[in-house]
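Throughout, protein chains are lettered first and strands after them, A, B, ... in sequence-line order, and every chain is numbered starting at 1.
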2 protein chains.
Amino acid sequence: MERLNLGLENGFTTLLKTCLDQKKTVLLVGRCKVDYVGRARSTLEYGDRIILVKEDGSIIVHRPYGYQPVNWQPPGSVFHIKKMGERYLLKAVRRKPQESLEVTFTHIYMIQGFSLKDEGKFSLHVTELEMKEALTLKPDLLEPGFKVLRPEKPVPPGFVDLYGLDKEGRRVVVELKRNAADRPAILQLYKYIESLGGRGAVRGVVAAPCLAKGAQRLMEQMGLEFKRVDPKECAKVLSSTDWRTRSLSEYMGERTV
Amino acid sequence: MERLNLGLENGFTTLLKTCLDQKKTVLLVGRCKVDYVGRARSTLEYGDRIILVKEDGSIIVHRPYGYQPVNWQPPGSVFHIKKMGERYLLKAVRRKPQESLEVTFTHIYMIQGFSLKDEGKFSLHVTELEMKEALTLKPDLLEPGFKVLRPEKPVPPGFVDLYGLDKEGRRVVVELKRNAADRPAILQLYKYIESLGGRGAVRGVVAAPCLAKGAQRLMEQMGLEFKRVDPKECAKVLSSTDWRTRSLSEYMGERTV
DNA sequence: GCCTAGGTCCCGTCT
DNA sequence: AGACGGGGCCTAGGC
């Protein structure tokens with residue numbers, strides 16, 4: 001970690017240019033307004049904000065409250081720096097879509113550049129993907145005798161989460177949800193079922209920890225089934241087996257169709 | 001804007017406690033690991049990161065790259081600060097859902113508190129709502145002779161974006177999209193139409209700047225129509241009239257049924 | 001390149 | 001309080 005901290009007055013353009021050239025991360029705190037033009041358009045009147053300019057060409061503007069940034073530009077943006085009289089301008093532009101973000105400072109309370117080394121591994125558990133892996137390893141978690149033919153079966157409108165056979169050999173289409181299964185999830189499953197020949201041809205199963213309220217009625221109308229699946233149980237299955245040595249793709253390879 | 005910047009060694013717990021008590025915003029840069037447990041679970045190994053702790057009880061952890069935070073806790077969290085030997089701990093807990101985020105620092109490169117005043121107004125233009133207002137003001141933007149009976153007509157499955165009559169007196173149900181109309185949008189419109197008596201009873205119109213690729217076929221299958229509506233045009237209509245003085249609800253009030 | 005689907009999505013709005 | 005839909009959503013994975 002190196003650190004750059006020039007004087008605020010003349011430092012702005014110099015420091016910012018240096019940091020961006022050297023691909024450093026810059027922290028700014030100051031009074032500014034923000035104008036965005038692109039897919040939509042926004043204006044933010046003057047106020048005190050925190051700005052992060054990252055080495056990958058992303059920029060994020062935070063107000064002193066709220067989880068989400070008020071304005072931003074994703075990685076890959078190109079920055080332009082200018083001093084306009086008493087004001088400092090920082091502009092971030094990207095193509096595809098063509099968008100521009102302009103921050104105009106009247107005061108800069110802090111500006112500092114950092115060379116940050118971050119190679120730490122991030123891992124997230126209890127995702128929908130992990131639930132799918134667990135059900136592929138132990139299909140009985142869905143119902144006794146269930147066999148997975150394919151995770152991620154492509155059908156014309158999109159991708160079925162799990163596709164398999166029940167113990168009586170009927171085809172089963174499973175829509176998997178990590179959270180409560182809601183209306184859009186039910187509709188998605190119904191769409192898949194129609195494209196696979198309708199309810200006569202396949203069973204439609206919603207697998208989730210629970211159902212959203214409005215979803216229950218809709219599900220019944222459409223003749224779909226609900227199977228409770230506990231994300232924690234799925235996580236347990238994965239951690240208690242040597243599943244890491246056997247990838248999902250191996251399982252797919254073992255099974256034809 | 002006031003500023004707090006104590007020495008790093010003993011300052012961590014003191015400064016952080018002071019800032020949180022006084023509801024100040026704190027910027028931290030340091031080497032840390034992060035552990036999250038709640039709806040899901042995550043671990044992030046040691047590395048250099050930027051941490052924002054805001055006055056409303058939100059915390060955001062940023063890696064030196066990427067738009068999105070790697071870890072966070074939304075507003076309303078409660079913070080706990082501790083020094084554990086050589087390490088500094090910052091924990092953010094919230095109920096509903098029960099979640100906990102723990103940041104463990106081995107090094108702190110910068111810690112600084114700010115009292116930020118931000119009352120600047122933020123406004124986003126050309127939202128779907130504004131497009132709706134524009135079409136309500138100038139229904140000809142959809143097609144000549146179109147009349148709006150109701151914006152936001154409630155039907156059993158949800159809300160129709162626009163409901164009106166065409167120049168020949170047929171009922172028209174409009175699904176409005178600010179971006180390309182995609183498959184879910186088409187399906188939603190279809191659902192509404194069925195609940196209003198099907199295609200024989202009403203025209204189904206998708207109004208959007210363009211169609212997503214898969215959407216075209218689906219739309220044709222379902223016998224729906226597409227009408228191009230340009231968001232920029234809508235913005236022009238709104239900015240060229242005294243629309244800000246007349247709210248959407250006034251318009252709804254003026255019309256019965 | 002576009003499209004599909006997930007997210008600790010967050011967030012407002014309405015029942 | 002839960003449910004529902006939007007977002008400049010962003011991001012990853014397929015084709």
Whole-Å distance, Asp182(A) CG to dC14(C) C1', equals 17 Å
Starting from P on dG7(C), measure out to CD on Glu99(B) and report it in whole angstrom. 14 Å
Are any non-hydrogen side-chain atoms of Phe146(A) and Val174(A) less than 4.5 angstrom apart? yes
Applying side chain to side chain donor-acceptor pair (under 3.5 Å), name anything that partners Ser100(A), two or more places apart in sequence or on another chain. none
If a pair satisfies salt bridge (Lys or Arg N to Asp or Glu O under 4.0 Å) and one of its residues is in residues 25-42 of chain B, list it, with sequence neighbours excluded. Lys33(B)-Asp35(B), Arg39(B)-Glu99(B)
Which residues share a side-chain contact (heavy atoms from CB on, under 4.5 Å) with Ala40(A), sequence neighbours left out: Tyr36(A), Leu124(B), Arg178(B)
Please collect all salt bridge (Lys or Arg N to Asp or Glu O under 4.0 Å) contacts where either partner lies in residues 212-224 of chain B, sequence neighbours excluded, each pair once. none
Can you confirm whether more than 12 heavy atoms, excluding those of Glu119(A), are under 6.0 Å from its CD atom? no
d(NZ, Lys177(B); P, dC3(C)) in whole Å: 15 Å
Suppose we screen for salt bridge (charged side-chain N to carboxylate O under 4.0 Å, His left out). Which residues come up paired with Glu225(B), at least two apart in sequence or across chains? Arg203(B)
Walking along DNA chain D from 5' to 3', note the first and the last nucleotide with an atom under 4.0 Å from a heavy atom of chain B, and give both. dG2(D) to dT11(D)
Mind running a 4.0 Å heavy-atom check of residues 63-72 of chain A against DNA chain D and sending the residues that fall below it, in number order? Asn71(A), Trp72(A)
Complementary nucleotide for dG8(D) - Watson-Crick or wobble, under 3.5 Å: none
DNA chain D contacts made by residues 32-43 of chain A, counting heavy atoms under 4.0 Å: Tyr36(A), Arg39(A), Ala40(A)
Rounded to the nearest 0.5 Å, what's the gap from CG on Leu211(A) to NZ on Lys177(A)? Could you check? 12.5 Å
note: Leu124(B), atom CG; dG12(C), atom P; distance rounded to Å ~ 13 Å
Within this structure, what is the CG-to-P distance between Asp161(A) and dG6(C), rounded to whole angstrom? 6 Å
Partners passing side chain to side chain donor-acceptor pair (under 3.5 Å) against Asn179(A) (at least two apart in sequence or in another chain): none
Length of the CD-P vector between Glu130(A) and dG6(C), whole Å: 15 Å
Here's a test of your reading of the structure: between Arg183(A) and Gln73(A), which maps to the more 5' nucleotide of DNA chain D? Arg183(A)
Using a heavy-atom distance cut-off of less than 4.0 Å, which residues of residues 209-220 of chain B contact DNA chain D? none
When you look at His125(B) and Glu130(B), which way does the side chain to side chain donor-acceptor pair (under 3.5 Å) test go after all the steps? CA-CA 7 Å; His125(B) 313 285; Glu130(B) 289 190 346; 4.6 Å; no
Those residues that, when tested against Tyr67(A), pass side chain to side chain donor-acceptor pair (under 3.5 Å) (two or more places apart): none
Can you list every pair that meets salt bridge (Lys or Arg N to Asp or Glu O under 4.0 Å) and has a residue in residues 57-73 of chain A, with sequence neighbours left out? Arg63(A)-Asp118(B)
Measure CZ/Phe122(B) against P/dC11(C) and give the value in whole Å, please. 13 Å
Length of the CZ-P vector between Phe159(B) and dT13(C), whole Å: 14 Å
If you pin Ala180(A) and Thr127(B) to their nearest nucleotides in DNA chain D, which one's is more 5'? Ala180(A)
